Structures are given as structure tokens and as C-alpha cells.
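These notes are about the structure you will find just below.
Everything numeric in this text was worked out from a predicted model, so none of it was measured.
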Amino acid sequence: MRLRHHAVAALGALALVITLPTSASAAEGQFRYTYETGEGYEAVGFLNDPRSGECISLPGADSDALPPAYAPRNLTDATATVFLGADCEGDVYYTLRPGGGASERLKVRSVVFS
């Protein structure tokens with residue numbers, strides 16, 4: 001009888017773990033941006049399948065010591081909100097729909113996907 005109770009409890013716990021929603025989701029696709037390297041060369045940065053709901057500072061443009069990135073392209077299946085400030089802070093931001101992009105006039109340092 002005890003073995004049956006343990007087996008039922010173990011199966012119940014397993015079912016609970018399997019049905020819990022996962023908190024880590026990702027936007028599928030690629031987010032691209034252009035930035036100037038420390039040596040003054042133009043480079044293209046990208047994020048593949050970026051995590052949703054988390055601020056991502058763009059490598060190569062994430063410091064005030066570097067120029068901001070520009071010309072972002074959201075080739076993911078999620079909406080991207082780009083910020084001029086690092087750490088998704090500040091009053092200057094712009095929303096890019098899935099498949100959308102902006103000109104080189106839009107300056108960015110961080111992004112969050114929804």
C-alpha cells in the first residue's frame with residue numbers, strides 16, 4: 001500500500017512539473033543593427049533568437065564611450081522596442097514591428113522584445 005502512495009505522489013509531482021509554464025521564451029529570428037567599431041570601421045551586429053521580456057544592451061554600442069548603433073532591422077517574429085539609452089532606459093525609444101526596420105538616423109543602444 002505504501003509503495004502505491006509513493007508512486008501516485010511521484011506521478012503527481014511529475015505531472016505538475018510537466019504542466020508548469022516556462023518563463024523563458026524567445027523571439028524567433030534575427031535582430032540586426034549597424035555600429036562603428038572602436039577603430040572607426042562600420043560593422044553589423046546581430047542577435048539570434050533573442051530572449052523576450054529582457055533588456056539586451058547591444059554589443060558594440062552599449063557604452064557611452066562608443067557611438068550608438070543605427071539602422072536596426074527586426075527580422076524576428078516579435079515586436080522590438082529599441083532605446084537610445086543603455087539598459088532600456090530613457091525617454092527616447094522606438095517600436096519596430098516584426099519584419100520592420102528603421103533608417104540610419106535612428107540611434108540605439110539597447111532593445112527589448114515582447
### Message
Within this structure, what is the CZ-SG distance for the pair F83 and C88, rounded to the nearest 0.5 Å?
### Response
5.0 Å

### Query
Other than V108, which residues form its hydrophobic cluster under the rule that side-chain heavy atoms must be closer than 4.5 Å?
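Joined to V108, directly or through intermediates: F31, Y33, Y35, L47, I56, L58, V82, Y94, L96, L106, V111, F113.
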
### Message
Tell me whether E28 at atom CD has more than 12 heavy atoms from other residues, nucleotides or ligands lying less than 6.0 Å away.
### Response
no

### Task
Report, as yes or no, whether the 6.0 Å neighbourhood of atom OH on Y93 holds more than 12 heavy atoms from other residues, nucleotides or ligands.
no

Heavy-atom closest contact ([X] atom, [Y] atom, distance):
X	Y	result
A86	D62	CB-O, 3.9 Å
G99	R73	O-NH2, 4.1 Å
T76	G29	CG2-C, 3.9 Å

### Message
If you define the side chain from C-beta out and look only at heavy atoms, does anything of S57 sit under 4.5 Å from D87?
### Response
yes

### Message
Could you check whether any side-chain heavy atom of R32 comes within less than 4.5 Å of a side-chain heavy atom of L75, counting everything from C-beta outward?
### Response
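In contact.
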
Short side-chain to backbone donor-acceptor contact, [X] and [Y], under 3.5 Å:
X	Y	result
D49	A26	no
N74	R97	yes
R109	A61	yes

### Task
Let me see the working for T34 and E104 under side chain to side chain contact (heavy atoms under 4.5 Å, CB included), right down to the final yes or no.
CA-CA 8 Å; T34 305; E104 59 188 38; over 6 Å; no

